[in-house]
Trainee: 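Below is the structure I would like to discuss, written out as C-alpha coordinates.
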Amino acid sequence: METTRRAAAPSAVTSTPGAAEPTPPGRPAGARRAIDGYLMAAFPWYGLDEAFTGPRWLMQVGASSDGTVEHGSTGHGDEPSLRAEVDAEAREKQRFAVVVTVASRPLRKSADGTGVLEATSVSSAAWLAGAGLLSATWPSRMERALRQDWLDQQTAIAWELADDLDGSAWSQLSLPVDGSPISFRYRESEYGWVLAGSEHNGCCDGSGEAAACGGSGVHIGAYGRGMSAYGLGFSVIKDITGYAGA
(Lines give C-alpha, C1' and ligand atoms only; values in the text may rest on other atoms or scores of the structure.)
Protein backbone atom coordinates (compact mmCIF):
# COMPACT_ATOMS: atom_id res chain seq x y z
CA MET A 1 0.00 0.00 0.00
CA GLU A 2 1.13 3.49 -0.73
CA THR A 3 3.16 4.77 2.19
CA THR A 4 6.60 4.78 3.69
CA ARG A 5 4.97 4.38 7.10
CA ARG A 6 1.58 3.44 8.46
CA ALA A 7 -1.01 5.69 6.89
CA ALA A 8 -2.94 8.16 9.00
CA ALA A 9 -6.44 9.39 8.37
CA PRO A 10 -6.81 10.84 4.86
CA SER A 11 -5.55 14.40 4.75
CA ALA A 12 -7.70 17.19 3.41
CA VAL A 13 -6.81 19.76 0.80
CA THR A 14 -8.49 22.80 2.29
CA SER A 15 -7.32 25.59 0.00
CA THR A 16 -6.06 26.16 -3.49
CA PRO A 17 -3.34 28.70 -4.26
CA GLY A 18 -4.59 31.38 -6.60
CA ALA A 19 -8.26 30.47 -6.26
CA ALA A 20 -10.03 33.80 -6.72
CA GLU A 21 -13.60 32.70 -7.42
CA PRO A 22 -15.88 34.01 -4.66
CA THR A 23 -18.06 31.73 -2.58
CA PRO A 24 -21.66 31.76 -3.90
CA PRO A 25 -24.20 33.43 -1.57
CA GLY A 26 -25.69 31.04 0.96
CA ARG A 27 -22.92 28.48 0.51
CA PRO A 28 -20.35 27.94 3.29
CA ALA A 29 -16.82 29.11 2.52
CA GLY A 30 -15.59 25.61 3.34
CA ALA A 31 -17.57 24.24 0.40
CA ARG A 32 -15.53 26.41 -2.00
CA ARG A 33 -12.28 25.09 -0.53
CA ALA A 34 -13.52 21.49 -0.64
CA ILE A 35 -14.46 21.54 -4.31
CA ASP A 36 -11.11 23.14 -5.19
CA GLY A 37 -9.30 20.06 -3.94
CA TYR A 38 -11.39 17.75 -6.13
CA LEU A 39 -10.90 19.95 -9.19
CA MET A 40 -7.12 19.75 -8.76
CA ALA A 41 -7.08 15.96 -9.29
CA ALA A 42 -5.55 14.61 -12.50
CA PHE A 43 -7.75 11.49 -12.38
CA PRO A 44 -11.53 10.98 -12.60
CA TRP A 45 -13.70 10.73 -9.50
CA TYR A 46 -16.10 7.85 -9.02
CA GLY A 47 -19.44 7.76 -7.26
CA LEU A 48 -22.61 5.70 -7.26
CA ASP A 49 -24.21 5.48 -10.67
CA GLU A 50 -27.46 7.12 -11.75
CA ALA A 51 -29.57 4.35 -10.19
CA PHE A 52 -28.95 6.11 -6.87
CA THR A 53 -31.26 9.14 -6.64
CA GLY A 54 -30.56 10.31 -3.08
CA PRO A 55 -28.36 13.10 -1.70
CA ARG A 56 -24.72 13.34 -2.78
CA TRP A 57 -22.00 15.25 -0.94
CA LEU A 58 -18.27 15.89 -0.87
CA MET A 59 -15.98 14.66 1.89
CA GLN A 60 -12.20 15.10 1.75
CA VAL A 61 -9.29 14.68 -0.62
CA GLY A 62 -5.82 13.48 0.36
CA ALA A 63 -2.70 15.03 -1.15
CA SER A 64 1.02 14.29 -1.06
CA SER A 65 3.53 16.72 0.40
CA ASP A 66 3.95 18.45 -2.97
CA GLY A 67 0.21 19.10 -3.23
CA THR A 68 -0.60 16.35 -5.73
CA VAL A 69 -4.09 14.98 -5.07
CA GLU A 70 -3.83 11.22 -4.47
CA HIS A 71 -7.28 10.14 -3.30
CA GLY A 72 -10.64 11.38 -2.10
CA SER A 73 -14.15 10.37 -1.11
CA THR A 74 -17.70 11.18 -2.17
CA GLY A 75 -20.75 10.52 0.01
CA HIS A 76 -24.22 9.25 -0.81
CA GLY A 77 -27.32 9.15 1.38
CA ASP A 78 -27.37 10.38 4.99
CA GLU A 79 -24.26 12.20 6.17
CA PRO A 80 -23.10 10.14 9.18
CA SER A 81 -23.00 12.14 12.40
CA LEU A 82 -21.18 11.35 15.63
CA ARG A 83 -22.43 14.42 17.48
CA ALA A 84 -23.55 13.86 21.03
CA GLU A 85 -27.01 15.28 20.34
CA VAL A 86 -27.66 12.53 17.77
CA ASP A 87 -28.84 9.57 19.85
CA ALA A 88 -27.63 6.04 19.23
CA GLU A 89 -30.95 4.89 17.76
CA ALA A 90 -30.99 7.70 15.19
CA ARG A 91 -27.36 7.01 14.32
CA GLU A 92 -28.14 3.34 13.69
CA LYS A 93 -30.83 4.36 11.20
CA GLN A 94 -28.43 6.43 9.09
CA ARG A 95 -28.08 5.02 5.58
CA PHE A 96 -24.99 5.98 3.61
CA ALA A 97 -22.40 4.76 1.14
CA VAL A 98 -19.07 6.47 0.59
CA VAL A 99 -16.98 5.89 -2.55
CA VAL A 100 -13.19 6.26 -2.32
CA THR A 101 -11.20 6.98 -5.49
CA VAL A 102 -7.44 6.31 -5.37
CA ALA A 103 -5.11 7.32 -8.19
CA SER A 104 -3.14 4.45 -9.68
CA ARG A 105 0.54 5.22 -8.98
CA PRO A 106 3.71 3.20 -9.65
CA LEU A 107 6.59 2.72 -7.23
CA ARG A 108 8.21 6.16 -7.01
CA LYS A 109 10.36 8.53 -5.01
CA SER A 110 8.78 10.74 -2.39
CA ALA A 111 8.35 14.43 -3.19
CA ASP A 112 11.39 15.39 -1.11
CA GLY A 113 13.52 12.64 -2.64
CA THR A 114 14.37 11.09 0.72
CA GLY A 115 12.25 7.95 0.47
CA VAL A 116 10.29 5.64 -1.79
CA LEU A 117 6.51 5.39 -2.00
CA GLU A 118 5.02 2.01 -2.77
CA ALA A 119 2.73 1.65 -5.76
CA THR A 120 -0.94 2.13 -5.02
CA SER A 121 -3.14 -0.95 -5.27
CA VAL A 122 -6.52 -2.38 -4.34
CA SER A 123 -5.12 -2.66 -0.81
CA SER A 124 -4.71 1.13 -0.74
CA ALA A 125 -8.42 1.54 -1.51
CA ALA A 126 -9.34 -1.16 1.03
CA TRP A 127 -7.32 0.56 3.75
CA LEU A 128 -8.82 3.99 3.12
CA ALA A 129 -12.32 2.52 3.01
CA GLY A 130 -11.78 0.54 6.21
CA ALA A 131 -10.41 3.57 8.04
CA GLY A 132 -13.27 5.68 6.69
CA LEU A 133 -15.88 3.27 8.03
CA LEU A 134 -14.32 3.47 11.48
CA SER A 135 -14.30 7.26 11.42
CA ALA A 136 -18.01 7.29 10.55
CA THR A 137 -19.26 4.63 12.96
CA TRP A 138 -17.07 4.52 16.06
CA PRO A 139 -19.01 4.39 19.38
CA SER A 140 -19.16 8.06 20.36
CA ARG A 141 -20.55 7.31 23.81
CA MET A 142 -17.50 5.28 24.77
CA GLU A 143 -15.52 6.69 27.69
CA ARG A 144 -12.94 9.15 26.44
CA ALA A 145 -10.15 7.23 28.18
CA LEU A 146 -11.00 4.11 26.16
CA ARG A 147 -11.85 5.77 22.86
CA GLN A 148 -8.33 6.21 21.51
CA ASP A 149 -7.34 2.68 22.47
CA TRP A 150 -10.39 1.36 20.64
CA LEU A 151 -9.63 3.43 17.56
CA ASP A 152 -5.98 2.35 17.55
CA GLN A 153 -6.95 -1.30 17.85
CA GLN A 154 -9.60 -1.19 15.14
CA THR A 155 -7.38 0.85 12.82
CA ALA A 156 -4.62 -1.74 13.15
CA ILE A 157 -7.12 -4.49 12.29
CA ALA A 158 -8.34 -2.55 9.24
CA TRP A 159 -4.73 -2.14 8.09
CA GLU A 160 -4.00 -5.86 8.45
CA LEU A 161 -7.19 -6.82 6.63
CA ALA A 162 -6.39 -4.48 3.74
CA ASP A 163 -2.95 -6.05 3.46
CA ASP A 164 -4.42 -9.56 3.13
CA LEU A 165 -7.12 -9.33 0.46
CA ASP A 166 -6.83 -13.06 -0.27
CA GLY A 167 -7.59 -13.91 3.37
CA SER A 168 -10.75 -15.53 4.68
CA ALA A 169 -12.17 -12.19 5.89
CA TRP A 170 -12.88 -11.18 2.29
CA SER A 171 -15.30 -12.56 -0.28
CA GLN A 172 -15.75 -11.77 -3.99
CA LEU A 173 -18.49 -9.45 -5.18
CA SER A 174 -19.10 -8.45 -8.79
CA LEU A 175 -20.53 -4.96 -9.30
CA PRO A 176 -20.90 -2.75 -12.38
CA VAL A 177 -18.36 0.02 -12.96
CA ASP A 178 -19.28 2.25 -15.90
CA GLY A 179 -21.64 -0.51 -16.97
CA SER A 180 -19.07 -3.34 -16.98
CA PRO A 181 -18.82 -6.02 -14.26
CA ILE A 182 -15.78 -5.64 -12.01
CA SER A 183 -14.68 -8.02 -9.25
CA PHE A 184 -14.38 -6.47 -5.78
CA ARG A 185 -13.11 -7.75 -2.46
CA TYR A 186 -15.90 -7.41 0.11
CA ARG A 187 -16.21 -7.79 3.87
CA GLU A 188 -18.77 -7.02 6.54
CA SER A 189 -18.46 -6.16 10.23
CA GLU A 190 -20.73 -5.00 13.01
CA TYR A 191 -20.02 -1.43 11.91
CA GLY A 192 -20.91 -1.79 8.24
CA TRP A 193 -19.30 -3.07 5.04
CA VAL A 194 -16.14 -2.38 3.05
CA LEU A 195 -15.23 -3.23 -0.53
CA ALA A 196 -12.33 -2.51 -2.88
CA GLY A 197 -11.33 -3.19 -6.46
CA SER A 198 -9.72 -1.62 -9.52
CA GLU A 199 -11.52 0.16 -12.31
CA HIS A 200 -9.10 -1.55 -14.71
CA ASN A 201 -9.02 -5.06 -13.20
CA GLY A 202 -10.51 -6.52 -16.33
CA CYS A 203 -7.31 -5.79 -18.27
CA CYS A 204 -6.95 -8.13 -21.22
CA ASP A 205 -3.24 -8.81 -20.65
CA GLY A 206 -3.58 -9.32 -16.90
CA SER A 207 -1.13 -6.57 -16.03
CA GLY A 208 -3.64 -4.40 -14.25
CA GLU A 209 -1.91 -1.32 -15.63
CA ALA A 210 -4.33 1.39 -16.68
CA ALA A 211 -2.34 2.34 -19.79
CA ALA A 212 -2.45 -1.23 -21.06
CA CYS A 213 -6.13 -1.65 -20.26
CA GLY A 214 -7.38 1.65 -21.60
CA GLY A 215 -8.83 2.45 -18.18
CA SER A 216 -8.75 5.69 -16.25
CA GLY A 217 -6.18 4.46 -13.77
CA VAL A 218 -7.93 4.39 -10.41
CA HIS A 219 -8.64 1.97 -7.60
CA ILE A 220 -12.11 2.12 -6.08
CA GLY A 221 -13.01 1.54 -2.47
CA ALA A 222 -16.34 1.97 -0.73
CA TYR A 223 -17.87 1.64 2.69
CA GLY A 224 -21.32 2.06 4.12
CA ARG A 225 -24.02 1.12 6.53
CA GLY A 226 -27.77 0.77 6.16
CA MET A 227 -27.45 0.53 2.35
CA SER A 228 -26.79 -2.89 0.87
CA ALA A 229 -23.61 -3.09 -1.19
CA TYR A 230 -25.07 -5.84 -3.37
CA GLY A 231 -27.24 -3.52 -5.44
CA LEU A 232 -24.71 -0.75 -5.98
CA GLY A 233 -23.08 0.36 -9.20
CA PHE A 234 -20.27 2.86 -9.78
CA SER A 235 -19.56 5.34 -12.55
CA VAL A 236 -17.33 8.30 -13.36
CA ILE A 237 -18.70 11.53 -11.91
CA LYS A 238 -19.24 13.78 -14.91
CA ASP A 239 -19.59 16.98 -12.85
CA ILE A 240 -18.09 16.89 -9.37
CA THR A 241 -19.55 20.30 -8.56
CA GLY A 242 -22.94 18.61 -8.36
CA TYR A 243 -21.77 16.98 -5.13
CA ALA A 244 -21.05 20.41 -3.66
CA GLY A 245 -24.53 21.71 -4.33
CA ALA A 246 -23.16 24.09 -6.95
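Heavy-atom basis, side chains included; hydrogens, waters and symmetry copies ignored.
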Trainee: To the nearest 0.5 Å, how far apart are CG in Leu48 and OG1 in Thr53?
Mentor: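 These two atoms lie 10.5 Å from each other.
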
Trainee: Find the distance between OG (Ser198) and CD1 (Ile220) and round it off to the nearest 0.5 Å.
Mentor: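 Answer for the OG-CD1 pair, Ser198 versus Ile220, is 8.0 Å.
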
Trainee: Using the six-membered ring wherever Trp is involved, compare the ring planes of Tyr223 and Phe96 and label them parallel, tilted or perpendicular (cut-offs 30° and 60°).
Mentor: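 Correct class here is perpendicular.
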
Trainee: Of the non-hydrogen atoms in Ala97 and Leu232, which two are nearest, and what is the gap between them?
Mentor: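 In this case the closest contact between Ala97 and Leu232 is CB-CD1, 4.4 Å.
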
Trainee: Start with the C-alpha distance between Leu195 and Leu175, add both sets of side-chain angles, then the distance that settles side-chain contact (heavy atoms from CB on, under 4.5 Å), and finish with yes or no.
Mentor: CA-CA 10 Å; Leu195 60 79; Leu175 295 172; 3.7 Å; yes

Trainee: Could you walk me through whether Trp170 and Asp164 pass side-chain contact (heavy atoms from CB on, under 4.5 Å), step by step?
Mentor: CA-CA 9 Å; Trp170 299 91; Asp164 185 21; 5.6 Å; no

Trainee: For Met227 and Phe52, which heavy atoms make the closest approach, and how far apart are they?
Mentor: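 Here Met227 and Phe52 meet closest at CE-CE1, 3.7 Å.
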
Trainee: Looking only at heavy atoms, what is the nearest atom pair of Gly197 and Phe184, with distance?
Mentor: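 Heavy atoms of Gly197 and Phe184 come nearest at N-CD2, 3.3 Å.
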
Trainee: Specify the closest pair of heavy atoms between Ala158 and Gly130, including all atoms of both residues, with the distance to one decimal.
Mentor: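 Looking at all heavy atoms of both residues, the shortest contact is CB-C, 4.3 Å.
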
Trainee: Could you grab the distance from atom CG of Leu107 to atom OG1 of Thr120, nearest 0.5 Å is fine?
Mentor: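 If we round to the nearest 0.5 Å, Leu107:CG and Thr120:OG1 are 10.5 Å apart.
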
Trainee: Side chains of Thr137 and Gln154: closer than 4.5 Å at any heavy-atom pair?
Mentor: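 Of all side-chain heavy-atom pairs linking Gln154 with Thr137, none is under 4.5 Å.
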
Trainee: Quick one: which of Val102, Ile237, Asp178, Val100 gives a side chain to side chain contact (heavy atoms under 4.5 Å, CB included) with Tyr46?
Mentor: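 The passing option is Asp178.
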
Trainee: I'd like to know whether the aromatic ring centres of Tyr191 and Trp193 sit less than 6.0 Å apart in this structure.
Mentor: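 No, the ring of Tyr191 stays outside the 6.0 Å limit from the ring of Trp193, centre to centre.
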
Trainee: Taking only residues two or more places apart in sequence or in another chain, which ones pass salt bridge (Lys or Arg N to Asp or Glu O under 4.0 Å) with Asp166?
Mentor: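 Residues passing salt bridge (Lys or Arg N to Asp or Glu O under 4.0 Å) with Asp166: Arg185.
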
Trainee: With sequence neighbours excluded, tell me which residues meet side-chain hydrogen bond (donor to acceptor under 3.5 Å, both in side chains) with Gln172.
Mentor: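 With sequence neighbours excluded, Gln172 shows a side-chain hydrogen bond (donor to acceptor under 3.5 Å, both in side chains) to Ser183, given in chain and number order.
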
Trainee: List in chain and number order the residues that pass side chain to side chain contact (heavy atoms under 4.5 Å, CB included) with Ser171, two or more places apart in sequence or in another chain; answer none if no residue qualifies.
Mentor: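 With neighbours one apart ignored, the set is Tyr186.
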
Trainee: Using a 4.5 Å cut-off on heavy atoms from C-beta on, say whether the side chain of Ser104 contacts that of His219.
Mentor: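 The answer is yes; the side chains approach within 4.5 Å.
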
Trainee: Mind checking what makes side chain to side chain contact (heavy atoms under 4.5 Å, CB included) contact with Leu146, not counting sequence neighbours?
Mentor: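 Per chain and number, Leu146 pairs via side chain to side chain contact (heavy atoms under 4.5 Å, CB included) with Met142, Glu143.
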
Trainee: Roughly how far apart are Met59 CE and Ser135 OG, rounded to 0.5 Å?
Mentor: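 These two atoms lie 6.0 Å from each other.
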
Trainee: Run through Thr74, Val69, Thr241, Thr101 and flag the one making a side chain to side chain contact (heavy atoms under 4.5 Å, CB included) with Tyr38.
Mentor: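 Exactly one pass, corresponding to Thr74.
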
Trainee: Work out which heavy atom in Gln94 is nearest to a heavy atom in Glu79; give both atom names and the distance.
Mentor: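 In terms of heavy atoms, the two residues are closest at NE2-O, 4.0 Å.
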
Trainee: Within the structure provided, determine whether Trp127 and Thr155 are in side-chain contact (heavy-atom separation under 4.5 Å).
Mentor: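 Heavy-atom side-chain distance check passes, below 4.5 Å.
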
Trainee: List the steps and the verdict of side-chain contact (heavy atoms from CB on, under 4.5 Å) for Ile35 and Tyr243.
Mentor: CA-CA 9 Å; Ile35 192 63; Tyr243 277 70; over 6 Å; no

Trainee: Taking side chain to side chain contact (heavy atoms under 4.5 Å, CB included) as the definition, give me every residue that meets it alongside Asp149, ordered by chain and number, with sequence neighbours left out.
Mentor: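 If we apply the side chain to side chain contact (heavy atoms under 4.5 Å, CB included) test to Asp149, skipping adjacent residues, there are no hits.
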
Trainee: Can you name the nearest heavy-atom pair linking Gly221 to Ala125, along with the distance?
Mentor: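 Between these two residues, the closest heavy atoms are N-CB, 3.7 Å.
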
Trainee: State the NE2-CZ distance between His71 and Arg105, to the nearest 0.5 angstrom.
Mentor: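 CZ of Arg105 is found 10.5 Å from NE2 of His71.
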
Trainee: So Ser123 and Leu165, do their side chains get closer than 4.5 Å, heavy atoms only?
Mentor: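 Yes, side chains in contact.
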
Trainee: Sequence neighbours excluded, which residues qualify as side chain to side chain contact (heavy atoms under 4.5 Å, CB included) partners of Gln148?
Mentor: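 Leu151, Asp152.
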
Trainee: How long is the gap from CZ on Arg225 to CG on Asp78, to the nearest 0.5 Å?
Mentor: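 Answer rounded to 0.5 Å: 10.5 Å.
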
Trainee: Do Val98 and Trp57 make a side-chain contact, defined as non-hydrogen atoms from C-beta onward lying under 4.5 Å apart?
Mentor: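 Yes, side chains in contact.
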
